[in-house]
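Comments concern the structure below.
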There are 2 protein chains.
Amino acid sequence: MSVQKSIKPTESELEILQVIWEKGSASVREVHEALSATKDVGYTTTLKLMQIMHEKGLVKRDNTFKTHIYQPAVTREKAQKQLLGKMINGLFGGSSTQLVIQALGSHKSSKEELDQIQQLLDDLKKEA
Amino acid sequence: MSVQKSIKPTESELEILQVIWEKGSASVREVHEALSATKDVGYTTTLKLMQIMHEKGLVKRDNTFKTHIYQPAVTREKAQKQLLGKMINGLFGGSSTQLVIQALGSHKSSKEELDQIQQLLDDLKKEA
DNA sequence: ATTTATTTACGAAAAGAATCGTATTTTAGA
DNA sequence: TCTAAAATACGATTCTTTTCGTAAATAAAT
């Protein structure tokens, strides 16, 4: 197994990845449209960012057509895992449990969500 | 209740806070010593960073003596909460449950930890 | 008291991110 | 074909973060 190249999207890049993950694939315009909903940003800014992301290998690009279509080159799960690990080490003294507790405590979850977690917890207990 | 001023330590600032939280309080030299263990950085760089952090109000400072002593002005918990929230929104589509699941799944916890989480989960269920 | 070591202050450069204007390319429609 | 609209390319600017050199202040040691 090769050593995992560590990805490190910036804040803005993460916002963009967010949209692309959501849609599966997207053009600059689509991404820009989505971003515009919540923040004020110019079209070319989004474009430039996405070009940079392409250079960095964060996204793939199909330029068969006039309008380029972008796809994630990194899975959401991988990004989550990576950043989560970093956060656990950097802020929670290496304890994922601490993180879980903090996360659960500082945000009320619905019954459904609690059940879902309970389910997972049961599974983990069985394994142990 | 006043509106919470959102703290936003940078990556480097977080490393420093880390050390100060750990020790409770620390001089620039102590912090620098700690950082040097894992990365290559100049003393004045650490100093400058800590001065900036002081300006920003991230740390408090006792300059009664020649060697200034720094203390956190923000609790670790608060920083955790804040960054966690950001991560939940930025990477987990706003679902803390998703984050919990990912965190639990990608790292095996001890029985004690699982029990601890179960405890918390029971409490949350009662409230609901 | 003088020298030496330690520390802080400060400015400025280097590096990294984000922003946008303008020019060029491409395509679709008139 | 010509024109207009939509898209990309790219340089330049601004803003933030990180880095460090140099000078001044302070304290300790000789």
Side-chain angles (χ1 to χ4, degrees), chain A residues 5-20 23 25-71 74 79 83 86 90, chain B residues 5-20 23 25-71 74 79 82-83 86 90-91:
Chain A
K5 195 193 320 181
S6 103
I7 54 161
K8 208 186 135 192
T10 68
E11 192 104 4
S12 305
E13 288 171 344
L14 218 42
E15 286 181 340
I16 290 173
L17 273 174
Q18 198 74 333
V19 177
I20 302 180
K23 293 180 178 292
S25 70
S27 64
V28 174
R29 179 139 312 266
E30 288 174 304
V31 170
H32 180 248
E33 221 89 289
L35 294 189
S36 296
T38 57
K39 69 187 272 198
D40 194 12
V41 64
Y43 177 84
T44 51
T45 301
T46 304
L47 168 66
K48 180 71 167 187
L49 242 9
M50 289 177 74
Q51 285 171 342
I52 291 173
M53 290 171 76
H54 182 240
E55 282 172 19
K56 288 190 188 175
L58 283 172
V59 293
K60 286 178 288 194
R61 179 167 84 174
D62 175 359
N63 49 357
T64 306
F65 310 100
K66 178 194 178 187
T67 301
H68 297 178
I69 299 297
Y70 291 77
Q71 286 192 311
V74 203
L83 295 211
K86 190 164 159 184
Chain B
K5 196 192 321 181
S6 102
I7 54 162
K8 209 186 134 193
T10 67
E11 192 102 3
S12 304
E13 289 171 344
L14 217 43
E15 286 182 342
I16 290 173
L17 272 175
Q18 198 73 336
V19 177
I20 301 180
K23 292 182 179 291
S25 70
S27 65
V28 173
R29 179 139 312 267
E30 287 175 303
V31 170
H32 180 248
E33 221 91 288
L35 294 189
S36 298
T38 55
K39 68 187 271 194
D40 194 10
V41 63
Y43 176 84
T44 51
T45 300
T46 304
L47 168 65
K48 179 71 168 186
L49 241 10
M50 290 176 73
Q51 285 171 342
I52 291 173
M53 290 171 75
H54 182 241
E55 282 172 20
K56 288 192 189 173
L58 283 172
V59 294
K60 285 178 288 193
R61 177 167 85 174
D62 175 359
N63 50 356
T64 306
F65 309 100
K66 178 194 178 187
T67 300
H68 297 177
I69 298 297
Y70 291 78
Q71 286 192 312
V74 204
Q82 163 127 1
L83 295 213
K86 192 163 154 183
L91 262 179

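Chain naming here is simple, since letters A, B, ... match the order of the sequence lines and numbering starts at 1 in each.
- The nearest whole Å value for the distance from the CZ atom in B:R29 to the P atom in C:dT8 is 9 Å.
- Within the 4.5 Å cutoff, no side-chain heavy atoms of B:Q71 are placed close to those of B:R61.
- At a threshold of 4.5 Å between non-hydrogen side-chain atoms, the residues B:V28 and B:Y43 count as touching.
- Contact of the A:M50 side chain with the A:I16 side chain is registered, since non-hydrogen atoms from C-beta on lie closer than 4.5 Å.
- If you measure from atom CD1 of A:I69 to atom C1' of D:dA6, you get 13 Å, rounded to the nearest angstrom.
- The phosphate of D:dA9 (OP1 or OP2) has a side-chain N or O of A:R61 nearer than 4.0 angstrom.
- Of the charged side-chain nitrogens involved, at least one lies within less than 4.0 Å of a carboxylate oxygen, so that B:K39 and B:E15 count as a salt-bridged pair.
- Contact detail for A:E30 and A:S25: the closest heavy-atom pair is OE1-O, 4.3 Å.
- When the P atom of D:dA7 is taken as reference, atom CE of A:M50 falls 12 Å away, rounded to whole Å.
- Residue B:K8 contributes atom NZ, which lies 12 Å from atom C1' of D:dC15 at whole-angstrom precision.
- When the C1' atom of C:dT19 is taken as reference, atom CD of A:Q51 falls 13 Å away, rounded to whole Å.
- Atom CD1 of A:I16 and atom C1' of C:dA17 are 12 Å apart (whole Å).
- The nearest whole Å value for the distance from the CD atom in B:E30 to the P atom in C:dT8 is 11 Å.
- Salt-bridge annotation for B:E11 and A:K86: present, with a side-chain N of the basic residue lying under 4.0 Å from a carboxylate O of the acidic one.
- Contact annotation: the side chain of B:H32 approaches that of B:V41 to within less than 4.5 Å [non-hydrogen atoms, C-beta and beyond].
- Residues B:K48 and B:Q51 are in side-chain contact: their nearest non-hydrogen atoms beyond the backbone lie under 4.5 Å apart.
- Taking each heavy atom of A:E13 and A:L58 in turn, the nearest pair found is OE1-CD1, 3.5 Å.
- To the nearest angstrom, P of C:dG11 lies 11 Å from CD of B:E55.
- The end-to-end axis angle of the helix from C:dA1-D:dT30 to C:dA30-D:dT1, rounded to 10 degrees and based on five pairs per end, is 10°.
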Expected string for nucleotides 18-30 of chain D under the B/S/- scheme (protein heavy atoms, under 4.0 Å, primed atoms plus P, OP1, OP2 as sugar-phosphate) is BBBBB---BS---
